[in-house]
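In this chain, numbering begins with 1 at the start of the sequence shown. Only a predicted model underlies this, so the values are computations on that prediction, with no experimental measurement involved.
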Amino acid sequence: MTIRVWDYLPEYHEEREEVLAAVAKVFESGQLILGPSVAGFEAEFAAYHGLAHCAGVDNGTNAITLGLQALGVGRGDEVITVANTAAPTVVAIDATGAKPVFVDVREDDFLMDTDQVAAAIGPRTRALIPVHLYGQCVDMAPLRRLADRHGLAILEDCAQAHGARHHGRPAGTMGDAAAFSFYPTKVLGAYGDGGAVITGDEDTDRNLRRLRYYGMEDRYFVERVPGHNSRLDEVQAEILRGKLRRLDTYIAKRRDIAQRYTKALGDLAAPGGLALPTVSPGNEHVYYLYVVRHPRRDEIIERLRPYGIELNISYPWPVHTMTGFAHLGHAKGSLPVTEELAGEVFSLPMYPSLSFERQQAVIQALGEVLAGF
């Protein structure tokens, strides 16, 4: 038996009839591009967040790129974010022609250290991208104050935080716009790529819809560049409509799994040893990932392989250390917390259909491995 960090097949077997019915509905509709399924999902996803607007796009990376462009970010601008994130966050900034500027993260929750942002703001800073990592939100109040003081836009990266809340407010509703990914592993995942940008601002939404469709408002006539071919697929949208109705159920199951991990592994947690996730004040965590930390991380992962357990590292290389971003000039040691985390964090299996038996097998195996240190 192999236990992977993520597996969609158990969920698919449970929801197979609904998924196939959604596919058939689209195929029989006579409209395969930007039809009623996309429009329906956009309205329902916006309503879930209590906002007026949602524009579906083809993936989460382009959700960030188009979101930034819709907010006026372009070549020569700077965007402040973190290097403790999936590379697409930064790839998307680069795609606009803007320069990513990094601040470090906090030791306890691995989220943006908002106390460092003010010093990073310069004359070319145009936007902030807080990354709501692993399923909980960045402290948004200080960022909002800074953005208002300096005239900056905030685009929330919510790729890992569907349904999370911060002091009662849904992730994605505390900035000027928010980018979501529906990659299959996500809390709300499609059966392929997909993304969306939500906003409460009508002009931003109009910009997004033009950007995703070649710069057109009417067919064949480009109003403004840049423009992209970046549309959410009808089939994925219809599948997501069904899954959106179950999103809160998915989140409840994730929280149950996280609670079992925390209870079972609590005795193994110790200073300098295994560190369990910390939920920051005011946050309602959705546990996209259950990320733990240990200084002998790599040994643990290798020793778990004979048990048939395959774990994941999110993320082994801080973005600023990647050769593709060497031109940004960040020396080793410039983001010390981010760099330390990259050598110690790893993710335990986490998905709503993870069985109790499989989770217990992971807990037992991890306990046996740690007992050998």
query = Tyr48 and Asp248: side-chain donor and acceptor closer than 3.5 Å?
reply =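 Distance-only check passes for Tyr48 and Asp248.
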query = Any idea which heavy atoms bring Leu128 and Pro130 closest together, and the distance?
reply =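 Shortest heavy-atom contact: O-CD, 3.5 Å.
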ask   = Is the number of heavy atoms from other residues, nucleotides or ligands under 6.0 Å of Glu340 CD greater than 12?
value =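 Yes, the 6.0 Å shell around CD holds more than 12 heavy atoms from other groups.
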message = Under the criterion salt bridge (charged side-chain N to carboxylate O under 4.0 Å, His left out), I'd like the reasoning laid out for Arg297 against Glu344: C-alpha separation, chi angles, the key distance, then a yes or no.
response = CA-CA 5 Å; Arg297 184 266 316 279; Glu344 298 186 357; over 6 Å; no
inquiry  = Would you say that Met140 contacts Leu143 through its side chain, given a criterion of any heavy-atom pair below 4.5 Å between the two side chains?
reply    =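 The answer is yes; the side chains approach within 4.5 Å.
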message = Pair Ser230, Leu66 - check side chain to side chain contact (heavy atoms under 4.5 Å, CB included), show working.
response = CA-CA 9 Å; Ser230 181; Leu66 272 63; 4.1 Å; yes
request  = Apply the test salt bridge (charged side-chain N to carboxylate O under 4.0 Å, His left out) to residues Asp256 and Lys253: give CA-CA distance (whole Å), side-chain angles for both, the deciding distance (0.1 Å), then the verdict.
outcome  = CA-CA 5 Å; Asp256 286 344; Lys253 291 180 178 179; over 6 Å; no
ask   = Can the ring centroids of Tyr288 and Tyr134 be said to lie less than 6.0 angstrom from one another?
value =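 Centroid separation for Tyr288 and Tyr134: 6.0 Å or greater.
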inquiry  = Does Asp109 form a side chain to side chain donor-acceptor pair (under 3.5 Å) with Ser280? I'd like the steps, not just the answer.
reply    = CA-CA 7 Å; Asp109 59 13; Ser280 293; 2.4 Å; yes
task = Give the intermediate values and the outcome of salt bridge (charged side-chain N to carboxylate O under 4.0 Å, His left out) for residues Arg246 and Glu15.
result = CA-CA 11 Å; Arg246 293 188 293 277; Glu15 301 175 3; 3.0 Å; yes
message = Between Gln360 and Gln364, do the side chains contain a donor N or O and an acceptor N or O under 3.5 Å apart?
response =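 Looking only at side-chain atoms, Gln360 and Gln364 do not form any donor-acceptor pair under 3.5 Å.
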key: Partner of Leu111 by side chain to side chain contact (heavy atoms under 4.5 Å, CB included), out of Asn84, Val138, Thr278   =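 Looking at Asn84, Val138, Thr278, the match for Leu111 under the side chain to side chain contact (heavy atoms under 4.5 Å, CB included) is Val138.
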ask   = Are any side-chain N or O atoms of Thr65 and backbone N or O atoms of Asn62, one a donor and one an acceptor, separated by less than 3.5 Å?
value =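 No, the answer is negative, given that no donor and acceptor are paired below the 3.5 Å cut-off.
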query = Residues two or more places apart in sequence or in another chain: which of them pass side chain to side chain contact (heavy atoms under 4.5 Å, CB included) with Thr2?
reply =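 For Thr2 the side chain to side chain contact (heavy atoms under 4.5 Å, CB included) partners, ignoring immediate neighbours, are Arg4, Glu310.
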ask   = Is there side-chain contact between Leu152 and Arg126, with at least one heavy-atom pair below 4.5 Å?
value =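 The answer is no; the side chains never approach within 4.5 Å.
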inquiry  = Is it the case that the side chain of Arg260 and the backbone of Gln359 share a donor-acceptor pair, with hydrogens and angles ignored and the cut-off at 3.5 Å?
reply    =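 The answer is no, because no donor-acceptor pair under 3.5 Å joins these two groups.
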request  = Let me know which of Gln31, Gln236, Glu238 forms a side chain to side chain donor-acceptor pair (under 3.5 Å) with Ser37.
outcome  =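 Of Gln31, Gln236, Glu238, side chain to side chain donor-acceptor pair (under 3.5 Å) with Ser37 is met by Glu238 alone.
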ask   = Between Gln160 and His132, does a side chain to side chain contact (heavy atoms under 4.5 Å, CB included) hold up when you go through it step by step?
value = CA-CA 7 Å; Gln160 302 185 9; His132 300 320; over 6 Å; no
request  = With the side chain counted from C-beta on, respond yes when Thr199 and Asp176 share a heavy-atom pair under 4.5 Å apart, and no when they do not.
outcome  =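 Of all side-chain heavy-atom pairs linking Asp176 with Thr199, none is under 4.5 Å.
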inquiry  = Main chain of Tyr287, side chain of Arg254: is a donor-acceptor contact present, judged purely on distance under 3.5 Å?
reply    =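 Confirmed, Arg254 side chain pairs with Tyr287 backbone.
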ask   = Are Thr114 and Asp139 linked by a side-chain donor-acceptor pair shorter than 3.5 Å?
value =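 Note: Thr114 and Asp139 side chains miss the donor-acceptor criterion.
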message = Under a 3.5 Å distance rule, please check whether Glu156 uses its side chain to pair with a backbone N or O of Met174 as donor and acceptor.
response =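 Checking the backbone N and O of Met174 against the side chain of Glu156, a donor-acceptor pair under 3.5 Å is found.
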request  = Taking Glu78 for its side chain and Val101 for its backbone only, find out whether a donor-acceptor pair lies under 3.5 Å.
outcome  =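 Side chain of Glu78 to backbone of Val101, a donor-acceptor pair under 3.5 Å: no, none is there.
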query = For the side chain of Asp113 and the backbone of Val105, is there at least one donor-acceptor N/O pair under 3.5 Å apart?
reply =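 No; judged by distance alone, with no hydrogens or angles, the pair does not exist.
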inquiry  = Less than 3.5 Å apart, any donor N or O on the side chain of Thr338 or Asp104 sitting next to an acceptor on the other?
reply    =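 The criterion, which ignores hydrogens and geometry beyond distance, is satisfied for Asp104 and Thr338.
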message = Can you confirm whether Leu341 sits close enough to Arg293 that some side-chain heavy atom of one is under 4.5 Å from a side-chain heavy atom of the other?
response =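 A side-chain contact exists here, since the closest heavy-atom pair is under 4.5 Å.
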For Ala269 against Leu276, the heavy-atom pair lying closest together =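 Closest approach of Ala269 to Leu276, heavy atoms only: CB-CG, 4.2 Å.
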task = Could you tell me whether the side chains of Asp94 and Thr96 share a donor-acceptor contact shorter than 3.5 Å?
result =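 Result is no, nothing qualifies.
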Heavy-atom check, side chain of Leu71 versus side chain of Leu155, under 4.5 Å =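 In short, these two side chains touch, coming nearer than 4.5 Å.
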Contacts of type side chain to side chain contact (heavy atoms under 4.5 Å, CB included), residue Ala365, not counting sequence neighbours =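 Expected list: Leu304, Tyr307, Ile309.
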Between His320 and Glu339, a side-chain donor and acceptor under 3.5 Å =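 Yes - a donor-acceptor pair under 3.5 Å links their side chains.
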query = Do Leu68 and Ile93 come within less than 4.5 Å of each other through their side chains, counting heavy atoms only?
reply =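 Yes - at least one pair of side-chain heavy atoms lies under 4.5 Å apart.
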query = Phe373: what forms a ring pair (Phe, Tyr, Trp, His ring centres under 6.0 Å) with it, not counting sequence neighbours?
reply =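 Here the qualifying residues are His294.
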message = Given Lys243, which partner from the list Glu14, Glu18, Glu11 fulfils the salt bridge (charged side-chain N to carboxylate O under 4.0 Å, His left out) test?
response =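 Answer to the salt bridge (charged side-chain N to carboxylate O under 4.0 Å, His left out) test with Lys243 among Glu14, Glu18, Glu11: Glu11.
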task = Return the minimal non-hydrogen interatomic distance between Leu311 and Pro349, and the atom names on each side.
result =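 Closest pair (atom of Leu311, atom of Pro349, distance): CD2-CD, 3.5 Å.
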ask   = Can you check whether Gly35's main-chain N or O pairs, donor with acceptor, with Glu234's side chain at less than 3.5 Å?
value =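 Yes, the answer is positive, given that a donor and an acceptor are paired below the 3.5 Å cut-off.
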Criterion ring pair (Phe, Tyr, Trp, His ring centres under 6.0 Å) on Tyr8 and Trp6, from CA distance to verdict = CA-CA 7 Å; Tyr8 76 93; Trp6 175 77; 5.8 Å; yes
ask   = Is there a side-chain contact between Arg144 and Asp148, using heavy atoms and a 4.5 Å cut-off?
value =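 Yes, side chains in contact.
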key: Residues His53, Ile198; criterion side chain to side chain contact (heavy atoms under 4.5 Å, CB included); working and verdict   = CA-CA 6 Å; His53 306 289; Ile198 61 173; over 6 Å; no
ask   = Would you call the rings of Phe182 and His162 parallel, tilted or perpendicular, where under 30° means parallel and over 60° means perpendicular?
value =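 The arrangement is tilted - the two ring planes meet at 30° to 60°.
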request  = Using a cut-off of 6.0 Å, state whether more than 12 heavy atoms not belonging to Tyr12 lie near its atom OH.
outcome  =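 Atom OH in Tyr12 is packed in, count exceeds 12.
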inquiry  = Applying side chain to side chain contact (heavy atoms under 4.5 Å, CB included) to Val90 and Phe325, what does each step give before you reach the verdict?
reply    = CA-CA 9 Å; Val90 185; Phe325 292 103; 3.5 Å; yes
task = Only pairs at least two apart or in different chains count here, so list each salt bridge (Lys or Arg N to Asp or Glu O under 4.0 Å) that has a residue in residues 39-56.
result =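 Checked against salt bridge (Lys or Arg N to Asp or Glu O under 4.0 Å) - neighbours excluded - the pairs reaching residues 39-56 are Glu42-Arg209, Glu42-Arg212, Glu44-Arg241.
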inquiry  = Using the rule side chain to side chain contact (heavy atoms under 4.5 Å, CB included), only one of Thr81, Leu133, Val131 pairs with Asp157; which is it?
reply    =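 Testing Asp157 for a side chain to side chain contact (heavy atoms under 4.5 Å, CB included) against Thr81, Leu133, Val131 leaves exactly one candidate, Val131.
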request  = Sorted by first residue and then second, give each salt bridge (Lys or Arg N to Asp or Glu O under 4.0 Å) pair with at least one member in residues 263-288; sequence neighbours left out.
outcome  =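 Passing the test, one end in residues 263-288: no pairs.
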inquiry  = My understanding is that only residues two or more places apart in sequence, or in another chain, count here; which of them pass side chain to side chain contact (heavy atoms under 4.5 Å, CB included) with Pro170?
reply    =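 Side chain to side chain contact (heavy atoms under 4.5 Å, CB included) list for Pro170, sorted by chain: His49, Arg165, Thr173.
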key: Min side-chain heavy-atom separation Lys99-Leu328 under 4.5 Å   =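 Lys99 vs Leu328: side chains touch.
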message = Applying a strict under-4.5 Å side-chain criterion to I, L, V, M, F, W and Y, I'd like to know whether Met112 and Leu289 cluster together.
response =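 Hydrophobic grouping puts Met112 with Leu289.
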request  = Might you point out which heavy atoms bring Cys137 and Ala171 nearest each other, and give the distance in Å?
outcome  =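 Scanning both residues, the minimum pair turns out to be SG-CB, 3.7 Å.
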task = Anything under 30° is parallel, anything over 60° is perpendicular, the rest tilted; go ahead and classify Phe102 against His330.
result =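 Taking His330 first and then Phe102, their aromatic rings sit tilted (interplane angle of 30° to 60°).
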